[in-house]
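Just so you know, these numbers use all the heavy atoms, side chains as well, and skip hydrogens, waters and symmetry mates. Bear in mind the structure is a predicted one, so any value in this text is a computation, not a measurement. Naming: A, B, ... by sequence-line order, numbering from 1 per chain.
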Number of protein chains: 2
Amino acid sequence: MASTESQQKPARSRRGTGSYDERRIKLAESALQTLGELGYARTSLREIAANSEFSHGVVHYYFRDKTELIVFCVKHYKTQCMHRYDSVVEESTTAENLLTGFADKLVQTLTEESSMHRLWYDLRSQSMFQEVLREDVYDIDRGLEDMIWRVVSQYADLAGNRPLVESRAAYTMFDGIFESALRDHIAGRAGAVEWIRKQIATLIPALCSQPVETESA
Amino acid sequence: MASTESQQKPARSRRGTGSYDERRIKLAESALQTLGELGYARTSLREIAANSEFSHGVVHYYFRDKTELIVFCVKHYKTQCMHRYDSVVEESTTAENLLTGFADKLVQTLTEESSMHRLWYDLRSQSMFQEVLREDVYDIDRGLEDMIWRVVSQYADLAGNRPLVESRAAYTMFDGIFESALRDHIAGRAGAVEWIRKQIATLIPALCSQPVETESA
DNA sequence: AATTGGTCTTGACAGGTGTCAAGAATGAAT
DNA sequence: ATTCATTCTTGACACCTGTCAAGACCAATT
């Protein structure tokens, strides 16, 4: 009666280390490893638990069901992932600087976090079949779009130009390029890193070749 | 001993109608409906059989296992799908003609065959986790790339220009745009058709803005 | 020391999965 | 009419799945 509708879990733990939320995240990060290895469909809760410090039943203590766990995992990863690009935008002082910094981060993501990213693409594909996933996938997608747009518009600013295309189109192009390079990299086909570097170096300037009109009197 | 290594199935049927290969295709096309509805992972062989004129055991008569069936299905569909774009390229006599014809076909694919295409994207994502799928997915992808390239280079020819980017980059951009529009369309978000029309109308001319250099003496 | 209540494990349940063997059904060939 | 290979169905198998209830465990409180 007196309590709020949403019953809160206590912030402090009795067992284990860290708070409820911290262990929730710990479980999610452990699950991310397995998910990145096996993919959405072929990962079972028992497999997740086996690769963690927990048992298979604990998942339903921290998450309603498998779907909620996986969505939480991907959201958690993507949130971290996007922030890593913010620093590149902020710390770049010249257009060239931004270009190479952005390309470096993309290459780093491609090579060091390929498993996490194929999981993201897996989830996004699944969202075309499972309606419950769509809203979360949409949110992540818009977050990534905004991130790319910050890069592109910042580049345009530094180069004294303005972007030729709108935010959405710019994102889908980069995304297509990244996904293609990711498949090459995962399949062990050579040249993926060089290819994406070249694509970025070509595409970004091309998208910003429009000079700013001087609105003078 | 006297027979060849690869034992051939007879070309004529005893039961049913059509040849062995024809009924193989019939089963595959029936499976495609279910696969397009449920996706790779959530489609069971029993579900496929239930939506067909066969029983669930017959799958292993025509296909070694589930994977072979699904790969065959997607390959079968994609082969048909790609050929439909060839006529557009051949029958277009002007650049504008080609542009609208191509856009029309894309919109038609987007709206009328969204289920088939989400299946393709599903399979492609799965190929990042399952090595057995990679070769077939790669082949399909290259086939699509060639198809797109035929459109782009034909447009450039008709417009008296030459493409700015190479085949691979052009394909990944279109693919990114199409996939994004497909997600919008499937999720019921408005404007997907208009958006992709505009993107095509913008991107193709932009990719072919380079005038042909006259190689004179 | 006893109690409490959050945390986690265990084990079971009901249902679904791909696969395959055994044989029924079918129609052509003899 | 009998034989025969092909085609398809049936039923079973071993295994895996998400879920959840029952209770064990344990730190903090009294």
Side-chain angles (χ1 to χ4, degrees), chain A residues 3 6-28 30-31 34-35 37-73 126 129-130 132-133, chain B residues 3 6-28 30-31 34-35 37-73 126 129-130 132-133:
Chain A
S3 65
S6 63
Q7 68 183 81
Q8 300 276 352
K9 297 280 182 177
R12 279 164 295 129
S13 72
R14 304 306 175 97
R15 190 130 60 123
T17 58
S19 69
Y20 175 86
D21 283 331
E22 280 170 349
R23 265 164 304 130
R24 207 170 124 100
I25 289 174
K26 205 164 190 174
L27 175 56
S30 185
T34 309
L35 284 164
E37 226 43 56
L38 299 177
Y40 178 102
R42 294 155 33 105
T43 299
S44 70
L45 297 182
R46 282 170 176 81
E47 195 73 28
I48 288 174
N51 297 352
S52 78
E53 54 184 341
F54 303 100
S55 68
H56 75 268
V58 82
V59 173
H60 287 87
Y61 182 73
Y62 287 106
F63 299 94
R64 200 186 328 109
D65 54 18
K66 191 189 177 185
T67 304
E68 192 186 271
L69 164 65
I70 293 180
V71 168
F72 180 86
C73 286
Q126 284 306 307
F129 296 96
Q130 295 182 250
V132 282
L133 300 176
Chain B
S3 66
S6 63
Q7 68 184 83
Q8 300 274 354
K9 296 281 181 179
R12 280 164 294 131
S13 72
R14 305 305 174 98
R15 189 132 56 126
T17 57
S19 69
Y20 175 85
D21 284 331
E22 281 170 349
R23 266 165 301 131
R24 206 170 125 101
I25 289 174
K26 206 165 191 174
L27 176 56
S30 185
T34 309
L35 283 164
E37 225 42 57
L38 299 177
Y40 178 102
R42 293 156 32 108
T43 299
S44 70
L45 297 181
R46 282 169 176 81
E47 194 75 27
I48 287 174
N51 297 353
S52 79
E53 54 185 341
F54 303 100
S55 67
H56 74 270
V58 83
V59 174
H60 286 87
Y61 182 74
Y62 287 105
F63 299 94
R64 199 185 328 112
D65 53 19
K66 191 188 177 185
T67 304
E68 192 186 271
L69 165 65
I70 293 180
V71 167
F72 180 86
C73 286
Q126 284 305 307
F129 295 97
Q130 294 182 251
V132 283
L133 300 176

Task: Aromatic plane relationship, B:Tyr61 with B:Tyr20 - under 30° parallel, 30 to 60° tilted, over 60° perpendicular - done: perpendicular
- [ ] Send over the distance from B:Arg23 CZ to C:dT26 C1', rounded to a whole Å.
- [x] 11 Å
- [ ] Heavy atoms under 4.0 Å is the rule here; annotate nucleotides 12-18 of chain D 5' to 3' with B where the base is hit, S where only the sugar-phosphate is, and - elsewhere.
- [x] B----SB
Open item on the list: Could you tell me how far apart A:Tyr62 (OH) and C:dT7 (C1') are, to the nearest whole angstrom?
Closed with: 6 Å
TODO: To the nearest Å, give me how far apart OH (A:Tyr61) and P (C:dG5) are.
DONE: 13 Å
Report all side-chain donor-acceptor pairs from residues 39-48 of chain A shorter than 3.5 Å, counting only partners two or more places apart or in another chain.
{"unit_1": "A:Tyr40", "atom_1": "OH", "unit_2": "A:Gln130", "atom_2": "OE1", "d": "3.3"}
{"unit_1": "A:Thr43", "atom_1": "OG1", "unit_2": "A:Gly39", "atom_2": "O", "d": "2.6"}
{"unit_1": "A:Ser44", "atom_1": "OG", "unit_2": "A:Glu47", "atom_2": "N", "d": "3.1"}

Task: A:Phe54 CZ - C:dT7 C1' separation (whole Å) - done: 10 Å
Open item on the list: Nearest 0.5 Å, please: how far is CG in A:Leu69 from OH in A:Tyr62?
Closed with: 12.5 Å
TODO: Give a yes or no on whether the backbone of A:Leu133 and the side-chain of A:Thr67 come within a donor-acceptor separation of less than 3.5 Å.
DONE: no
- [ ] Report the distance from atom CD of B:Glu68 to atom P of C:dT19, rounded to the nearest whole Å.
- [x] 11 Å
Task: Separation of atom CD1 in B:Ile48 from atom C1' in C:dT17, rounded to whole Å - done: 13 Å
Open item on the list: Measure OH/B:Tyr40 against P/C:dG18 and give the value in whole Å, please.
Closed with: 10 Å
All N/O donor-acceptor pairs, side-chain side in residues 52-59 of chain A, below 3.5 Å, sequence neighbours left out:
{"unit_1": "A:Ser52", "atom_1": "OG", "unit_2": "A:Ala49", "atom_2": "O", "d": "2.9"}
{"unit_1": "A:Ser52", "atom_1": "OG", "unit_2": "A:Phe54", "atom_2": "N", "d": "3.0"}

TODO: In whole angstrom, give the distance that lies between atom CG of A:Leu27 and atom C1' of C:dT9.
DONE: 14 Å
- [ ] Would you give the length of the straight line joining atom CD1 of B:Ile25 to atom SG of B:Cys73, rounded to the nearest 0.5 angstrom?
- [x] 10.5 Å
